[in-house]
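Everything on this sheet refers to the single structure shown next.
Small disclaimer: the values here were computed from a predicted structure and weren't measured. Order of appearance sets the numbers: ligands from 1, and atoms from 1 within every ligand. When reading the values below, keep in mind they use all heavy atoms of this one structure, side chains included, and skip hydrogens, waters and symmetry mates.
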Amino acid sequence: MRIVLLGAPGAGKGTQCKRIAAQYSLLHLSSGDILRQERAHGTQLGKKAQSYMDSGALVPDVLMVEMMVGAISNAVDSGFVLDGFPRTVNQAIKLDKALAHNQQKIDMVLNLKIDEVTVTRRMTGRRSCPKCGAVYHIENLKPNVEGICDNDGTRLVQRPDDALEVVANRFKTYFQQTEPVVDYYRENNTVYDIDASKAADKVTDLIFERLNAINLASKREN
Ligand code: AP5
């Protein structure tokens, strides 16, 4: 399966993609996580991306397409779930072309729908593990010990772009540049809207129900 998960900043893409990847043995490819790793390692790409990310703007398409098409080429056998990419119509077109080159296509697009007030609360309360990337929330998804990662005991941190003023800019960027990607996919694929305002486990149930139904239908066809 090749899945794209769309949604506003803080809609729960990372949380749900990790669960989808584990359940269906897919590679989870998060453009934001890859960029944060590049920054942590001080690479050229990480340095170029830094100012865009810190202000809530998008990293230029040319860098993103090269990075993500490269990452996807490692998932030819396993399939993948994309988190945070594509984020412009140009990125979506380039992705489709790269897949078509290998006689592949996106099988499913899931769109996490949620209002701005709820996601702002989610982002300002988010805490992440700098070591393993696990994501928590100070109210909704607490770790067992406050401020400490359940997986490896590392102290949790707040993302610099989760500051309130940067969050506002990320939304502006989302509405201007990423919402049109939903329309692009509606024209070319079937897009499944998912109510992402519900509790994380309920959202997972809705997604798995959808994915199981599609899996079953494609098995019947074959
Ligand atoms: P990126 O890391 O992709 O950020 P984002 O899209 O803004 O998404 P987030 O990671 O903030 O949120 P999420 O939807 O994954 O939510 P999460 O599951 O963490 O990108 C960062 C930056 O990199 C961009 O601004 C840009 O500069 C650059 N970039 C990345 N990709 C790019 C691209 N393709 N092109 C150009 N530039 C690019 O959940 C959020 C919080 O809510 C967590 O605390 C979580 O525990 C909690 N939560 C999750 N689900 C629920 C629920 N159902 N109920 C209650 N709480 C919940």
Side-chain angles (χ1 to χ4, degrees), residues 4-21 28-39 45-46 48-69 71-72 81-92 94-95 110-129 133-143 149-150 156-163 166-179 181 194-207:
V4 169
L5 200 70
L6 300 172
K13 300 183 295 297
T15 303
Q16 298 301 332
C17 280
K18 286 185 179 73
R19 296 177 182 190
I20 295 169
H28 171 202
L29 296 172
S30 157
S31 50
D33 285 351
I34 298 175
L35 286 171
R36 281 183 284 279
Q37 279 162 19
E38 295 282 340
R39 284 179 65 166
L45 173 58
K48 282 182 192 160
Q50 185 158 344
S51 61
Y52 298 101
M53 295 175 79
D54 288 349
S55 68
L58 293 185
V59 175
D61 283 353
V62 61
L63 298 176
M64 295 310 301
V65 170
E66 191 185 335
M67 181 183 100
M68 292 306 288
V69 168
I72 286 164
V81 53
L82 294 180
D83 165 7
F85 181 88
R87 234 178 173 96
T88 64
V89 172
N90 183 39
Q91 291 180 12
K94 294 269 164 54
L95 171 64
L110 298 164
N111 182 35
L112 298 185
K113 293 196 77 160
I114 193 162
D115 66 278
E116 195 172 330
V117 175
T118 310
V119 275
T120 301
R121 221 177 296 129
R122 283 188 188 176
M123 277 190 286
T124 47
R126 169 169 45 196
R127 298 293 180 272
S128 339
C129 175
V135 176
Y136 302 89
H137 189 277
I138 53 173
E139 288 164 4
N140 306 326
L141 285 168
K142 295 182 184 180
C149 180
D150 293 346
L156 302 176
V157 295
Q158 187 170 24
R159 268 170 50 176
D161 60 347
D162 279 345
V166 185
V167 165
N169 212 20
R170 285 165 65 196
F171 271 111
K172 216 164 113 196
T173 307
Y174 172 78
F175 289 123
Q176 284 173 352
Q177 298 187 63
T178 307
E179 259 199 347
V181 177
I194 303 284
D195 179 358
S197 65
K198 301 194 181 305
D201 288 349
K202 180 67 195 164
V203 177
T204 308
D205 287 346
L206 292 172
I207 291 174

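A salt bridge between Asp54 and Arg39 is present, with a side-chain N of the basic residue lying under 4.0 Å from a carboxylate O of the acidic one.
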Practice item. Mind running salt bridge (charged side-chain N to carboxylate O under 4.0 Å, His left out) on Asp201 and Arg19 for me, showing each step along the way? Key: CA-CA 10 Å; Asp201 288 349; Arg19 296 177 182 190; 3.0 Å; yes

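Near Ala200, meaning under 4.0 Å from any of its heavy atoms, are these atoms of ligand 1: 52 (C), 53 (N), 54 (N). Interface atoms of ligand 1 facing Asn140, defined by a heavy-atom separation under 4.0 Å, are 55 (C), 56 (N). Which parts of ligand 1 touch Gln91 is read off a 4.0 Å heavy-atom cut-off, strictly below it: atoms 33 (C), 34 (N), 35 (N), 36 (C). Set against the non-hydrogen atoms of Leu35, the atoms of ligand 1 under 4.0 Å away are 23 (O), 28 (C), 29 (N), 30 (C). Interface atoms of ligand 1 facing Ser31, defined by a heavy-atom separation under 4.0 Å, are 30 (C), 31 (N), 32 (C), 34 (N). Atoms of ligand 1 found under 4.0 Å from any heavy atom of Val135, numbered from 1 in the order shown, are 19 (O), 43 (C), 44 (O), 45 (C), 46 (O).
Considering backbone and side-chain atoms alike, Val59 places an N or O below 3.5 Å from some N or O of ligand 1. For ligand 1, none of its N or O atoms has an N or O atom of Pro86 under 3.5 Å away. At under 3.5 Å, a nitrogen or oxygen of Arg126, whether backbone or side chain, sits near a nitrogen or oxygen of ligand 1. Close N/O approach between Gly10 and ligand 1 is found [any backbone or side-chain N/O within under 3.5 Å]. Backbone and side-chain nitrogen or oxygen atoms of Asp33 are examined, and none is located within less than 3.5 angstrom of a nitrogen or oxygen of ligand 1.
Ligand 1 is never approached by Lys202 to a heavy-atom distance shorter than 4.0 Å. Ligand 1 is approached by Arg36 to a heavy-atom distance shorter than 4.0 Å. Under the 4.0 angstrom criterion for non-hydrogen atoms, Arg159 is in contact with ligand 1. The closest approach between Gly7 and ligand 1 stays at or above 4.0 Å for every heavy atom of the residue.
One option in Ser128, Gly32, Ala57 has a heavy atom closer to atom 26 (C) of ligand 1 than any other, and that option is Ala57. The residue from Leu63, Thr15, Leu6 that puts a heavy atom closest to atom 49 (C) of ligand 1 is Thr15. Here the shortest heavy-atom distance to atom 11 (O) of ligand 1, taken over Met53, Arg170, Gln16, Arg127, belongs to Arg170. Closest heavy-atom approach to atom 3 (O) of ligand 1 within the set Arg87, Arg121, Lys13: this belongs to Arg87.
Between the side chain of His28 and the backbone N or O of Gly14, no donor-acceptor pair lies under 3.5 Å.
Residues satisfying the salt bridge (Lys or Arg N to Asp or Glu O under 4.0 Å) criterion with Lys202, sequence neighbours excluded, are absent altogether. Under the rule for a side chain to side chain donor-acceptor pair (under 3.5 Å), the partners of Arg159 that lie at least two apart in sequence or sit in another chain are Asp161.
Considering CD of Glu116 and CZ of Phe175, their distance stands at 5.0 Å, rounded to 0.5 Å.
Here the options are Ile72, Leu6, Leu5, the test is side-chain contact (heavy atoms from CB on, under 4.5 Å), and the partner is Leu82; only Ile72 passes. Screening Leu63, Val59, Leu35, Leu58 against Tyr52 for a side-chain contact (heavy atoms from CB on, under 4.5 Å) leaves a single residue, Val59.
Between the side chains of Thr88 and Asn90, no donor N or O sits under 3.5 Å from an acceptor N or O.
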